[in-house]
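Index from 1, following the sequence.
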Amino acid sequence: MAPQLHQRPPFRAEHLGSLLRPNELLDTKLAFEAGKIPESQLTAVEDKEVKDIVATQKKLGYAAMSDGEYRRHSK
């Protein structure tokens, strides 16, 4: 049986808050802010990217999930 990595790391860390946003999401936010696409298109991309990042966290075995703050609008 292969050893489990990071079962008991020598530090405490919690996964909270923002994650790096994918390029598709960044490009879509810029297009929305420039008035080139409707809000519904931005929301659809946000929904897809949030589902993807939550699936990634589940696959990695995280006990708590974050939406990465992908819906946050800041410059």
Side-chain angles (χ1 to χ4, degrees):
M1 177 182 222
Q4 295 256 330
L5 298 178
H6 308 294
Q7 278 272 27
R8 295 176 186 246
F11 52 83
R12 180 182 166 161
E14 293 182 6
H15 171 71
L16 299 171
S18 297
L19 298 171
L20 293 177
R21 289 161 180 79
N23 286 332
E24 180 182 5
L25 180 57
L26 293 172
D27 293 343
T28 304
K29 284 183 180 289
L30 288 174
F32 172 71
E33 290 169 1
K36 295 179 181 178
I37 63 169
E39 186 173 8
S40 60
Q41 190 173 342
L42 171 62
T43 301
V45 172
E46 288 173 337
D47 289 347
K48 175 192 163 294
E49 295 298 345
V50 167
K51 286 179 185 176
D52 288 350
I53 196 60
V54 168
T56 298
Q57 293 170 84
K58 283 183 180 180
K59 185 175 94 177
L60 293 171
Y62 289 14
M65 308 300 149
S66 169
D67 68 356
E69 294 188 337
Y70 282 3
R71 297 183 195 280
R72 188 181 74 197
H73 297 277
S74 63
K75 296 185 181 191

Worked check of side chain to side chain contact (heavy atoms under 4.5 Å, CB included) between Asp67 and Ile53 = CA-CA 7 Å; Asp67 68 356; Ile53 196 60; 5.6 Å; no
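The CG atom of Leu42 sits 8.5 Å away from atom CD of Glu33, with the distance rounded to the nearest 0.5 Å.
The salt bridge (Lys or Arg N to Asp or Glu O under 4.0 Å) contacts involving residues 37-48 comprise Glu24-Lys48, Lys29-Glu46, Glu46-Arg71, Asp47-Arg71, Lys48-Asp52, where partners must be two or more places apart or lie in separate chains.
The minimum heavy-atom distance between Gly68 and Arg21, with the atom names listed, is O-NH2, 4.2 Å.
Considering only residues two or more places apart in sequence or on other chains, Glu69 meets the side chain to side chain donor-acceptor pair (under 3.5 Å) condition with Ser18, Arg72. Looking at residues two or more places apart in sequence or on another chain, you find a side chain to side chain contact (heavy atoms under 4.5 Å, CB included) between Ala31 and Lys36, Ile37. Under the side chain to side chain contact (heavy atoms under 4.5 Å, CB included) criterion, Leu20 pairs with no residue, sequence neighbours left out.
In terms of modelled atom types and a separation under 3.5 Å, the side chain of Gln57 and the main chain of Ser66 share a donor-acceptor contact.
A heavy-atom distance below 4.5 Å is found between the side chains of Leu19 and Tyr70.
A chain of hydrophobic side-chain contacts below 4.5 Å, direct or via other Ile, Leu, Val, Met, Phe, Trp or Tyr residues, connects Val50 to Met65.
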